[in-house]
Amino acid sequence: WNVIGPDFWVNNEQQAYIDAPETIRFIDISETAGADGGALALQPVYRKGFETPDGRKVDFVSGRIDTRDRFEFTYGCAAARVKMPDAVGVWPAFWLLGNGKWPETGEIDIMEWFGAQFTGRPNQVQSAVHTTHNHWGSAAGLLFDKRDVANMCSEFHRFQLHWTANEILIGVDDVPTFSYKKPSNASTDK
């Protein structure tokens, strides 16, 4: 994967991404029951007054990775075992983004977690499909599902995607929770 650095900034985030052992590291298998070979930790850290190379000041740093130009697929399965940080103000996500201009190339949010600070529900996760015609900025709106998943901060949960030419099926702990079927008359939605 690629490690994202402090020059990347979107959504008015009040953080900077850095490549440091405190924000991106592997955790030993003894600390992550059920994870063969350990687990990847992307960790938010309070660092008052951190200044990015472009002069932006933030009080939090964290880790961000992607697989752009290293791994791509159309159709298939993707899954990750995830445990959320017990922290306020975080926005962890497991998602797929098309190579190109958003939203034309699409986005599939397998799991986004906003925590209790936004939803009032600390175990609520969201799945979404952004297409050319259905996304946050479109008149049609976003196609999404919200659901509670118990013990998000104390237990690992398996979030998975099964993607075919006509349907995207998202699930939690091997239970399907959200389905998007490509409209039969849609030639551009991806």
Side-chain angles (χ1 to χ4, degrees), residues 1-28 31-32 35 37-74 76 78-119 124-138 142-144 152-153 156 159 161 163 168 170 189-190:
W1 54 69
N2 307 299
V3 176
I4 308 302
D7 55 329
F8 183 85
W9 188 57
V10 295
N11 297 330
N12 197 28
E13 294 173 312
Q14 302 302 300
Q15 67 177 347
Y17 297 112
I18 62 171
D19 183 4
E22 66 186 321
T23 60
I24 301 174
R25 67 185 181 286
F26 283 101
I27 299 173
D28 186 82
E31 300 175 59
T32 57
L40 173 67
L42 302 174
Q43 181 73 43
V45 176
Y46 179 71
R47 194 183 282 180
K48 186 164 180 60
F50 180 86
E51 188 170 339
T52 65
D54 66 357
R56 187 170 54 93
K57 290 189 179 180
V58 297
D59 290 336
F60 295 90
V61 295
S62 64
R64 181 180 180 123
I65 60 171
D66 71 23
T67 59
R68 184 175 301 275
D69 299 326
R70 294 182 182 265
F71 178 78
E72 298 176 22
F73 73 100
T74 302
R81 288 182 65 239
V82 179
K83 181 169 68 169
M84 297 301 133
D86 189 8
V88 173
V90 297
W91 186 356
F94 172 40
W95 54 297
L96 309 174
L97 183 64
N99 275 338
K101 186 178 177 187
W102 187 92
E104 287 85 9
T105 56
E107 174 182 334
I108 303 169
D109 298 318
I110 301 168
M111 180 281 307
E112 285 186 285
W113 182 73
F114 303 105
Q117 73 271 8
F118 296 119
T119 65
Q124 187 178 81
V125 296
Q126 174 177 298
S127 301
V129 174
H130 302 258
T131 70
T132 302
H133 302 291
N134 296 90
H135 55 85
W136 280 118
S138 73
L142 179 64
L143 306 164
F144 73 97
M152 289 295 297
C153 297
F156 280 92
F159 295 91
L161 161 90
W163 179 18
I168 294 169
I170 296 173
D189 276 1
K190 298 177 182 176

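Atoms considered below: every heavy atom in the structure, side chains included; atoms not considered: hydrogens, waters and symmetry mates.
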Quiz item: What's the shortest heavy-atom distance between Ile168 and Trp163, and which atoms?
Solution: CG1-CD1, 3.5 Å
Quiz prompt | Test item: Val82 and Trp113 side chains (from C-beta on) under 4.5 Å apart, heavy atoms | solution = no
Exercise. List the atom of Tyr46, the atom of Asp59, and the distance in Å for their closest heavy-atom pair.
Key: CD1-O, 3.3 Å
Quiz item: Tell me, do Val125 and Phe159 make a side-chain contact under 4.5 Å, heavy atoms counted?
Solution: yes
Quiz prompt | Short side-chain to backbone donor-acceptor contact, Thr23 and Ile18, under 3.5 Å | solution = yes
Self-check item: Over all atoms of both residues, closest heavy-atom pair of Ala16 and Phe50
Solution: CB-CE2, 3.8 Å
Quiz item: Is the closest side-chain heavy-atom distance between Leu40 and Phe26 below 4.5 Å?
Solution: yes
Quiz item: Heavy atoms, side chains only, cut-off 4.5 Å: are His130 and Leu97 in contact?
Solution: no
Self-check item: Ile170 side, atom CD1; Gln126 side, atom CD - distance, nearest 0.5 Å
Solution: 10.0 Å
Quiz item: Of the non-hydrogen atoms in Glu72 and Asn99, which two are nearest, and what is the gap between them?
Solution: OE2-ND2, 2.6 Å
Quiz item: Between atom CD1 of Ile24 and atom CD of Gln43, what is the distance when rounded to the nearest 0.5 Å?
Solution: 11.5 Å
Quiz prompt | Reported OG1-to-CD distance for the pair Thr131 and Glu104, which is rounded to 0.5 angstrom | solution = 10.5 Å
Quiz item: Do you know the tightest heavy-atom contact between Phe60 and Val58?
Solution: O-CG2, 3.3 Å
Exercise. Evaluate the side-chain proximity of Arg64 to Glu13: yes if any heavy-atom separation is below 4.5 Å, no if none is.
Key: yes
Exercise. Starting from the C-alpha separation in whole Å, work towards a yes-or-no answer on side-chain contact (heavy atoms from CB on, under 4.5 Å) for Phe144 and Asp109.
Key: CA-CA 9 Å; Phe144 73 97; Asp109 298 318; over 6 Å; no
Practice problem: If the plane angle is over 60° it's perpendicular, under 30° parallel, otherwise tilted; pick one for Trp91 and Phe114. | Solution: tilted
Exercise. Would you give the length of the straight line joining atom CD1 of Ile65 to atom CG of Leu42, rounded to the nearest 0.5 angstrom?
Key: 5.0 Å
Quiz item: Where is the tightest heavy-atom contact between Trp102 and Glu107, given as atom of each residue plus distance?
Solution: NE1-OE1, 2.8 Å
Quiz item: Quick one: do the Arg70 and Asn2 side chains pair a donor with an acceptor below 3.5 Å?
Solution: yes
Exercise. Please tell me if the side chains of Ser62 and Tyr17 come closer than 4.5 Å, counting only heavy atoms from C-beta onward.
Key: yes
Self-check item: Backbone N/O of Gln14 and side chain of Arg56: donor-acceptor pair under 3.5 Å
Solution: no
Quiz item: Can you find a side-chain donor-acceptor pair between Trp95 and Glu112 that sits under 3.5 Å?
Solution: no
Quiz item: Can you tell me if Ser127 uses its side chain to pair, donor with acceptor, with the backbone of Ile110 under 3.5 Å?
Solution: yes
